[in-house]
Each structure stands twice: as structure tokens, then as C-alpha cells.
Asks: 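Here it is, the structure, as C-alpha cells.
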Amino acid sequence: MKLTTLLETISIAGATIFSFVLRKPKLLYFGAATYGNVGDLAISVASEKLLREKSSRKVIVINDSISVTTAKWLRHFINSKDVVAFQGGGNFGDLYPKIEGEREAVFTLVQPKNPVLIQMPTSINFENSNEINLQKIRAAYSNVNIFARESYSFQNGHSMSLGQSLELVPDIVCSLVPQNSVKRHQQKKDSLKVLVIRRADHERRENQLLDELIRSYESNPKVSLKYTDTVVDVPDLSVRSTKKRQQIVNDKISEIAKADIVVTDRLHGMLLSRVARIPVIAFDNSTHKIKHTVSDWLGDDQGVLFVNSSGDVKQSVIEEWYVNAVRDNRAVQFDFELLTNRLRFHTGVNG
């Protein structure tokens with residue numbers, strides 16, 4: 001691993017110094033995921049793809065485990081024409097203090113060089129911040145353009161007065177959803193293939209309705225039920241290239257694509273199902289990410305059935321929804337113009 005990170009650092013140094021000497025603006029993307037959470041890997045893949053497509057700068061990707069150590073020397077080769085972006089997702093806040101500490105450190109280290117600072121689409125969850133901590137948090141993000149990925153986080157960020165600017169855009173993985181309409185022809189089948197993607201971490205929310213739905217599928221002889229998760233078993237910090245991240249994400253999408261219906265309480269279980277164009281029944285988790293993502297961005301998506309914790313799960317409703325979802329699987333259009341405009345505004349380029 002030491003040799004791998006050394007080679008990464010040498011590659012980053014070469015690309016950075018080369019751009020600096022030639023006075024070519026660059027975009028430094030910090031915090032790319034190296035662990036087995038497929039949702040976070042998908043965020044890295046989608047973020048890098050969008051940044052390369054929408055910016056004329058040289059994009060340099062820096063993995064999470066070396067972000068802070070790299071920022072300490074890299075800052076000497078950064079100027080006001082550069083962009084520094086940090087990985088988005090559900091780790092902005094005190095739920096994941098290690099990643100939050102890395103993000104605050106990177107932005108604090110590079111701020112004096114006055115680059116454009118961008119926090120990629122994120123959920124914001126600070127549950128234990130006192131006034132002293134809040135002042136420290138505000139200082140770390142005082143010059144950062146923050147993009148919240150759902151209205152709940154946007155309101156949290158606004159109430160905490162975070163960022164130089166605060167905008168609302170979809171989760172970046174939505175940019176991977178195919179924009180062409182796809183119609184899946186419903187055929188008579190011996191069994192319905194149902195794939196359950198359920199959390200097993202501290203964001204899991206006990207949900208009686210979800211349990212009841214799973215039990216009903218387990219007892220139904222016409223249902224073929226399988227279980228999976230959006231966390232895969234790989235050595236920690238071992239997913240260190242765009243190619244490897246893309247491979248793991250593609251493998252999970254392929255697994256999802258074999259199902260007729262997905263049942264999930266994971267945000268990226270839901271979003272990757274829509275990337276695969278598979279109808280999904282979604283339940284909320286403890287951070288309310290799914291509820292607000294559905295209400296903010298997926299209200300017109302026929303392929304998503306959100307079950308509120310205070311609602312009910314009737315098979316007749318599911319059957320009617322599924323028939324309509326298969327018949328009319330139109331693509332939902334996701335707008336990232338606020339984010340791409342911010343890149344263009346500061347870069348002075350048009351693509």
C-alpha cells in the first residue's frame with residue numbers, strides 16, 4: 001500500500017507541477033472513495049465524469065486516504081485560477097467525523113491561495129455542534145460553494161450559515177441515469193424477481209412496513225427473493241483507480257438489472273436501480289435522505305414508489321404501480337446547471 005500511495009503522489013505531483021509551470025488552470029478533486037461502499041464509489045465516478053465533461057481544466061483526482069497529506073504540499077502550486085472540489089455524499093457532518101475532518105482540513109489548507117472551492121452535492125447532518133464547534137465549521141467553509149443534494153440538507157446548511165454560497169442540486173449519481181426513455185415489455189413470468197437492498201449500519205431505521213413487505217415476498221411462491229447490499233467486500237483503501245471504481249459500480253448495476261423490482265432503504269440502492277431502469281420500492285432511513293430525494297427530484301418518476309413510515313403497503317397498490325412503471329418508464333431529467341454554471345462562471349469557459 002505504501003508503494004501504491006507513493007506512486008499516486010508522484011503522479012499527482014507531476015500533473016500539478018506541470019500545469020503550474022505552464023500556467024494552465026487545474027481542477028483538483030479530493031476525497032475520491034477507496035472503500036467498498038458502492039454508493040460512494042458511484043459518487044466518485046459520476047463526479048469525475050461530470051467535472052471532466054464540464055470543465056476545460058486539467059482534472060486531477062486525489063484519493064481520500066492521501067487527501068490531507070497531499071493538500072499540505074499541493075497548496076503551494078495552487079492559485080486563483082484553479083478549482084478545488086471535494087467528494088460529496090452523506091458524510092458532510094458529524095455522522096462520519098473522519099471524512100468530515102479531512103474535508104475541513106483540505107479546504108482550510110488551500111483557502112489562502114484563493115482557488116474556487118466547491119463542495120460536490122452532499123447531505124448535511126450536524127447533530128452535536130455547539131457554538132464553539134459551529135464557529136470552527138463556519139470558518140472552514142467560509143469560502144466554499146456548497147451544493148446540497150436535497151432540501152433537508154439545504155435548510156440545515158442555511159440555518160447554520162454555511163458556505164460562501166449554498167445551492168440545491170440532485171445527488172451527482174443522478175447524472176448517470178440514462179436520458180432516453182426505455183420501455184420494458186411486460187411478459188408473463190413464472191416468478192417475480194425481487195431484490196432487497198437493505199442497510200446494516202448505524203443509518204438503518206427499523207421499519208415494520210419494510211419487514212412486512214419482505215415477509216410477504218418470502219411467503220409468496222411466485223416471488224424469487226434475493227438479498228444484496230451496496231457495500232461490497234474489498235480490502236479497505238484498496239479501490240484506488242477510476243477503472244476499479246467503475247468496475248465495481250458496473251457490477252452492482254448489472255446485478256440490479258437482473259431484478260424485476262428492487263426494495264431498498266439505501267439512497268444509492270434506489271438511484272442505481274433507476275440507472276439500471278428497474279422499478280424500485282423505497283423506504284426512508286434515519287437521515288431522511290431518501291424521503292427528501294424523492295420529494296425533491298423523483299416525484300415524476302413512475303419507476304419509484306416511496307413508502308412513508310406512516311403509510312401502508314398494500315399489494316394491490318404495488319401491483320398497480322408496477323404495471324404502470326413497466327408500461328411507462330420515462331426518463332426523469334436532472335438539472336445540474338447550477339453546478340456547471342459555477343464551474344463556467346469562475347473558469348471563463350463554456351464547456
Side-chain angles (χ1 to χ4, degrees), residues 1-20 24-74 77-78 82-91 96 98-99 102-103 105-106 110 118-122 171-177 228-257 268-269 271-272 275-276 343:
M1 183 63 71
K2 289 183 178 179
L3 177 60
T4 301
T5 56
L6 175 62
L7 292 175
E8 285 178 17
T9 303
I10 292 172
S11 176
I12 292 166
T16 301
I17 295 172
F18 181 77
S19 297
F20 183 79
K24 291 186 175 181
K26 53 195 172 293
L27 192 159
L28 303 164
Y29 177 58
F30 284 88
T34 60
Y35 44 91
N37 186 306
V38 183
D40 289 343
L41 296 175
I43 288 170
S44 295
V45 168
S47 296
E48 183 180 348
K49 181 175 182 290
L50 182 140
L51 292 173
R52 290 192 187 281
E53 290 176 352
K54 301 300 181 181
S55 174
S56 65
R57 285 175 165 79
K58 169 73 172 176
V59 176
I60 301 171
V61 178
I62 301 151
N63 286 328
D64 49 13
S65 63
I66 62 170
S67 285
V68 177
T69 55
T70 302
K72 287 179 179 179
W73 62 263
L74 200 62
F77 303 97
I78 293 174
D82 296 327
V83 172
V84 172
F86 201 96
Q87 164 103 355
N91 50 42
Y96 300 93
K98 182 176 184 296
I99 299 176
E102 291 171 351
R103 176 180 14 254
V106 168
V110 302
I118 292 179
Q119 171 56 53
M120 298 296 284
T122 187
D171 185 290
I172 200 69
V173 174
C174 292
S175 66
L176 301 178
V177 174
T228 190
D229 198 357
T230 52
V231 175
V232 296
D233 187 17
V234 295
D236 201 25
L237 308 180
S238 66
V239 189
R240 308 196 68 85
S241 68
T242 301
K243 182 178 179 180
K244 183 64 174 176
R245 283 187 275 268
Q246 185 72 69
Q247 177 188 333
I248 293 174
V249 172
N250 287 346
D251 287 347
K252 184 57 63 175
I253 293 172
S254 296
E255 179 185 7
I256 290 170
H268 291 102
L271 295 182
L272 291 176
V275 173
L343 289 170

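Here, residue 1 is the first one in the sequence, and each next residue gets the next number. In what follows, every heavy atom counts, from backbone to side chain, and hydrogens, waters and symmetry copies are set aside.
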Asks: Just so I know, are the side chains of I43 and M120 near enough to count as touching, which here means a heavy-atom distance under 4.5 Å?
Replies: no

Asks: Looking only at heavy atoms, which two atoms of T9 and W73 are closest? And how far apart?
Replies: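 What the structure gives for the nearest pair is CG2-CZ2, 3.9 Å.
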
Asks: Could you walk me through whether T228 and K252 pass the side-chain hydrogen bond (donor to acceptor under 3.5 Å, both in side chains) check?
Replies: CA-CA 9 Å; T228 190; K252 184 57 63 175; 2.8 Å; yes

Asks: Just one of L27, L74, I78 clears the side chain to side chain contact (heavy atoms under 4.5 Å, CB included) bar with V84, so which one?
Replies: I78

Asks: If every non-hydrogen atom of T122 is compared with every non-hydrogen atom of G88, which pair is closest and at what distance?
Replies: CB-CA, 4.3 Å

Asks: Ignoring hydrogens and angles, tell me if any N or O in the side chain of Q87 forms a donor-acceptor pair with the backbone of D40 under 3.5 Å.
Replies: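 Checking the backbone N and O of D40 against the side chain of Q87, a donor-acceptor pair under 3.5 Å is found.
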
Asks: Is it the case that the side chains of H268 and D171 hold a donor-acceptor pair, with the cut-off being a distance below 3.5 Å and no angle test?
Replies: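 D171 vs H268: donor-acceptor pair found between side chains.
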
Asks: Considering all heavy atoms of both residues, which atom of F77 and which atom of F20 are nearest to each other, and what is their separation?
Replies: O-CD1, 3.3 Å

Asks: Assign the ring pair F86 / F30 to parallel, tilted or perpendicular, where the plane angle (0 to 90°) is split at 30° and 60°.
Replies: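 Geometry flag for F30 against F86: parallel rings.
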
Asks: Among residues two or more places apart or on two chains, list those pairs meeting side-chain hydrogen bond (donor to acceptor under 3.5 Å, both in side chains) that have a residue in residues 59-68.
Replies: E8-N63, T34-D64, N63-R245, S65-R240

Asks: Give, for atom NZ of K98 and atom CZ of R103, the distance between the pair rounded to the nearest 0.5 Å.
Replies: 12.0 Å

Asks: Counting distance only, does the side-chain N/O of T16 pair as donor-acceptor with the main-chain N or O of A13 below 3.5 Å?
Replies: no

Asks: Just to verify, what does T230 make a side chain to side chain donor-acceptor pair (under 3.5 Å) with, not counting sequence neighbours?
Replies: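 Partners of T230 under the side chain to side chain donor-acceptor pair (under 3.5 Å) test: R266.
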
Asks: What residues, two or more places apart in sequence or in another chain, satisfy side chain to side chain donor-acceptor pair (under 3.5 Å) together with D251?
Replies: none

Asks: For a quick test of reading the model, state the closest non-hydrogen atom pair linking L271 to C174 and the distance between them.
Replies: CD2-SG, 3.9 Å

Asks: Return the CD to OG distance between Q247 and S241, rounded to the nearest 0.5 Å.
Replies: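 Atom-to-atom, Q247:CD and S241:OG are 8.5 Å apart.
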
Asks: Rounded to the nearest 0.5 Å, how far does CD1 of I248 lie from CD1 of I253?
Replies: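 I253 CD1 to I248 CD1: 12.0 Å, rounded to 0.5 Å.
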
Asks: Would you compute the distance between atom CG of L272 and atom CD of E255 and round it to the nearest 0.5 angstrom?
Replies: 11.0 Å

Asks: What are the two closest non-hydrogen atoms of P25 and D82, and how far apart are they?
Replies: CA-OD1, 3.5 Å

Asks: Rounded to the nearest 0.5 Å, how far apart are OH of Y29 and CD1 of I60?
Replies: 14.5 Å

Asks: Does any N or O in the side chain of S175 come within less than 3.5 Å of the main-chain N or O of I172, such that one atom is a donor and the other an acceptor?
Replies: yes

Asks: Please report the shortest heavy-atom distance between V173 and V275, naming the atom on each side.
Replies: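 What the structure gives for the nearest pair is O-CG2, 4.2 Å.
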
Asks: Answer whether the closest heavy-atom distance between the side chains of K2 and L6 falls below 4.5 Å.
Replies: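 Side-chain contact under 4.5 Å: no.
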
Asks: Taking S254 for its side chain and N250 for its backbone only, find out whether a donor-acceptor pair lies under 3.5 Å.
Replies: yes

Asks: Nearest 0.5 Å please: distance from the OG1 atom of T70 over to the NZ atom of K72.
Replies: 10.5 Å

Asks: With side chains defined as the heavy atoms from C-beta onward, is the minimum distance between I12 and L28 less than 4.5 Å?
Replies: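 In short, these two side chains do not touch, never coming nearer than 4.5 Å.
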
